> 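Structure provided below as structure tokens; questions to follow.
A, B, ... follow the sequence lines: proteins, then strands. Residue 1 opens every chain. Only a predicted model underlies this, so the values are computations on that prediction, with no experimental measurement involved.
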2 protein chains.
Amino acid sequence: MDITPDNLFSSLANETRLRSLMLLLRHDELCVCELTHALGVAQPHISRHLALLRESGLVSDRREGLWVHYRIHPDLPEWVRRVLQHVFEGNAERSPFRNDAKGLARMPNRPGAPRCA
Amino acid sequence: MDITPDNLFSSLANETRLRSLMLLLRHDELCVCELTHALGVAQPHISRHLALLRESGLVSDRREGLWVHYRIHPDLPEWVRRVLQHVFEGNAERSPFRNDAKGLARMPNRPGAPRCA
DNA sequence: AACATATATACGAAATGTCGTATATTCTGC
DNA sequence: GCAGAATATACGACATTTCGTATATATGTT
């Protein structure tokens with residue numbers, strides 16, 4: 001699971017993927033329906049981008065019944081983890097990331113207890 | 001000069017631009033001919049990508065006679081600076097970055113004294 | 001002014017990335 | 001097995017990016 005800078009940055013160079021990652025940095029585990037609701041985009045849209053993040057090794061997924069939960073991949077190299085963390089710290093309060101977090105918080109009927117980091 | 005994550009990552013999502021930035025992190029100021037030699041690519045190729053980096057606010061340029069010297073933009077937001085620094089630390093010894101540094105060191109007739117950071 | 005060097009831009013072709021929509025898959029409950 | 005919910009993939013159209021090559025601009029020298 002070796003992540004190259006090219007790999008990393010072409011993954012981050014898309015708003016949907018970046019917004020998903022930023023939410024996962026806050027919430028450590030989220031299912032597809034939560035991301036779909038928070039970002040306000042179509043389900044196949046999110047799903048395709050999550051697949052790309054999975055293939056690039058940035059996230060891992062876990063199936064639990066009907067739901068698939070995604071999280072930041074636990075075995076990320078230290079430098080990648082730090083990059084993500086600094087992007088988060090520098091932009092968490094900006095649009096659209098701030099709103100995504102709010103949108104998620106307002107989601108009714110989230111599967112499982114809300115798991116915050 | 002406000003840098004958004006989208007802006008940053010689409011800039012970093014190209015090998016030529018990333019290799020240039022990594023060299024600039026080591027050498028603080030380099031002219032186009034040095035970058036051209038170090039990366040072993042055509043001059044218009046480098047020049048076009050440096051223009052993109054300039055337009056995105058990641059680098060600044062300074063003309064000195066025939067030469068144009070580029071450097072990491074001195075006013076980068078802290079989070080951007082940190083992202084770049086961690087990418088550098090995590091990958092400086094990997095290909096192709098390691099080789100770029102070597103290639104530059106072996107360049108004859110560099111304009112001005114070699115300026116290291 | 002003519003020329004040489006360093007750098008920048010223009011242009012179309014090729015490659016890559018993205019999107020919406022339709023359809024498949026996987027699982028649960030009956 | 002069937003129906004429904006959550007998620008994944010397929011497909012073609014569209015947009016964006018990248019590339020090589022040709023050419024333009026800027027500066028210094030004679």
> Output the rounded distance in Å from CG (B:Asn7) to P (D:dT17).
11 Å
> What is the distance, to the nearest angstrom, from the CG atom on B:Leu53 to the C1' atom on C:dA8?
15 Å
> Should B:Asn14 be listed as having a side-chain N or O under 4.0 Å from OP1 or OP2 of D:dT18?
yes
> Hey, are B:Glu15 and B:Arg17 close enough for a salt bridge, meaning a charged N less than 4.0 Å from a carboxylate O?
no
> Using side-chain contact (heavy atoms from CB on, under 4.5 Å) as the criterion, point out the one residue from A:Val83, A:Val59, A:Ile3 that pairs with A:Leu76.
A:Ile3
> Counting only distance, no hydrogens or angles, is the base of D:dA6 paired donor-acceptor with the side chain of A:Gln43 under 3.5 Å?
no
> Among the candidates C:dT7, C:dT9, D:dT7, find the nucleotide nearest to the side-chain atoms of B:Arg48.
C:dT9
> Between B:Arg19 (side chain only) and B:Phe97 (backbone N and O only), is there a donor and an acceptor less than 3.5 Å apart?
no
> Whole angstroms only, please: what is the CD-C1' distance between A:Glu55 and D:dT9?
11 Å
> Both A:Leu52 and A:Leu66 contact DNA chain C. Taking the nearest nucleotide for each, which residue is further toward the 5' end?
A:Leu52
> What is the distance, to the nearest angstrom, from the CZ atom on B:Arg62 to the P atom on C:dA6?
17 Å
> Under 4.0 Å from OP1 or OP2 of D:dT18: is there any side-chain N or O of B:Arg17 that close?
yes
> Would you mind reading off the distance between A:Leu35 atom CG and D:dT7 atom P, rounded to a whole angstrom?
9 Å
> Would you indicate, yes or no, if C:dA6 has its OP1 or OP2 atom less than 4.0 angstrom from a side-chain nitrogen or oxygen of B:Tyr70?
no
> Rounded to whole Å, how long is the line connecting atom CZ of A:Arg63 with atom P of D:dT7?
8 Å
> Rounding to an integer number of Å, can you tell me how far B:Glu15 CD sits from D:dT18 C1'?
13 Å
> Would A:Phe9 and A:Phe88 show up in the same hydrophobic cluster when neighbours are defined by side-chain heavy atoms closer than 4.5 Å?
yes
> So, does B:His45 get its side chain near the phosphate of D:dG20, meaning an N or O under 4.0 Å from OP1 or OP2?
yes
> Are a donor atom and an acceptor atom from the side chains of A:Tyr70 and A:Arg54 found within less than 3.5 Å of each other?
yes
> Specify the separation, in whole Å, of atom CG of B:Asp6 and atom P of C:dG17.
16 Å
> Between C:dT7, C:dC27, D:dA22, which nucleotide gets closest to the side-chain atoms of B:Trp67?
C:dT7
> Where the side chain of A:His49 is concerned, which of C:dC19, D:dA8, C:dT28 is the nearest nucleotide?
C:dC19
